[in-house]
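Everything on this sheet refers to the single structure shown next.
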Amino acid sequence: MSDASCDLLRNGFSEPLPRAFYARSATIVAPELLNCILVSASPDGLTAGRVVETEAYTQDDAASHCFRGRTPRNRVMFGTAGHAYVYFTYGMHYCLNAVTGTEGQGEAVLIRAIEPLMGTELMFSRRGLSVERLPIEKRSATRAKRLLGAGPAVLCRSLGISASHNGADLTEPGSLWICAVDVENEFASGGGLTVVTTTRIGITKAVELKRRFLIAADPYISRKI
DNA sequence: ATCTCGATAGTCT
DNA sequence: GACTATCGAGATC
């Protein structure tokens, strides 16, 4: 087991979610990923956050990268569940998905927002920000942390996620993985999580589908409902 | 608070 | 050649 994983266990995090967790429909997995912990381990340090917003993309969904079949770009989405599908968009941003479903089926869950929990200093530096230089109105803990996790491309930048993470196995504590939260965890909300389901953001097709999932009233979601 | 717009390059038609 | 599962700045209310 890696040092990073040992550190996490000491911090109260559980083992990575198993492949069976991901090997179900994206619409089932997406809400269940809420409140789980996304961890990134790189040579410059460990960063982690609590997932507060996700979106499901299935193959029969006109908004999905897989809607028109397999291409070099989306091949990971058709592969084994529990791997990371990282894509580049708008000429400058990366976004992270967890591949779901069965092999040969193109589907995944987009991670849209996290609450930063560990390594926030490193996250700020990856974003080219420093708390001291923030405008006064953004210096509160919540406002500052929103700058690190409120958005799919923003969280990738904070966690150091880029093309090299495409295909990474999320079920092993390697470079990128996701854990459930222990009940005893200091970060646990204490159960009773209320999940809100709404339409997705930033798409022009299948806009009516309610496949965006977020934790009710969480201050770290990318946009209000 | 909410809107509009530009940046910027990979992907697919 | 058009589009993009985005972001942040600047304008306006």
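Note that the structure is predicted; figures quoted are calculated from it, not measured. In what follows, chains are A, B, ... by sequence order, proteins preceding strands, each numbered from 1.
Rounding to whole angstrom units, CG of residue A:Leu129 and P of C:dG8 are separated by 8 Å. Between the CG atom of A:Leu214 and the C1' atom of C:dA5 there is a distance of 16 Å, given to the nearest Å. A:Lys224 has its NZ atom 14 Å from the P atom of B:dC3, to the nearest Å. A:Asn74 places its CG atom 16 Å from the P atom of C:dT4, with the value rounded to the nearest Å. Atoms CZ (A:Arg68) and P (C:dA5) sit 12 Å apart, rounded to a whole Å. Atom P of nucleotide C:dT6 and atom CD1 of A:Ile201 are separated by 8 Å, given to the nearest angstrom.
Although no hydrogens or angles enter the test, the distance criterion places a donor-acceptor pair under 3.5 Å between the side chain of A:Asp169 and the main chain of A:Thr171. Judged by distance alone, with hydrogens and angles left aside, the side-chain atoms of A:Arg112 form no donor-acceptor pair with the main-chain N or O of A:Ile221 at under 3.5 Å. A:Glu55 contributes no side-chain N or O that, together with a main-chain N or O of A:Arg200, makes up a donor-acceptor pair within less than 3.5 Å.
Counted within 6.0 Å of CZ on A:Arg68, heavy atoms from surrounding residues, nucleotides or ligands total 12 or fewer; the atom is thus considered open.
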Dot-bracket encoding of pairs in DNA chain C, which uses [ ] for pseudoknotted crossings and | for another strand, Watson-Crick or G-U under 3.5 angstrom: ||||.|||||||.

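Residues A:Glu208 and A:Thr199 fail the side-chain proximity criterion, which asks for heavy atoms closer than 4.5 Å. Side-chain atoms of A:His165 and A:Cys156, non-hydrogen and from C-beta on, never get closer than 4.5 Å to each other.
A distance of 9.5 Å separates NE2 in A:His83 from CD in A:Glu172, rounded to the nearest 0.5 Å.
Backbone-only engagement by A:Ala153 is indicated by non-hydrogen atom pairs under 4.0 Å involving sugar-phosphate atoms exclusively. Looking at heavy-atom distances under 4.0 Å, A:Arg73 makes contact with sugar-phosphate atoms alone, never a base.
Shown for residues 81-115 of chain A: residues whose heavy atoms fall under 4.0 angstrom of DNA chain B, namely A:Phe88, A:Tyr90, A:Gly91, A:Met92.
Remark: A:Arg70 pairs with A:Asn74, A:Phe78 by the side-chain contact (heavy atoms from CB on, under 4.5 Å) rule, at least two apart or across chains.
Nearest-nucleotide mapping onto DNA chain C: of A:Arg127 and A:Glu55, the residue sitting toward the 5' end is A:Glu55. Residues A:Gly151 and A:Thr204 both approach DNA chain C. Their nearest nucleotides, taken by heavy-atom distance, put A:Thr204 toward the 5′ side.
Checking C:dT6, C:dA5, C:dT4 against every side-chain atom of A:Lys205, the shortest atom distance belongs to C:dT4.
Grouping the Ile, Leu, Val, Met, Phe, Trp and Tyr side chains by contacts below 4.5 angstrom, directly or via other members, places A:Leu159 with A:Val109.
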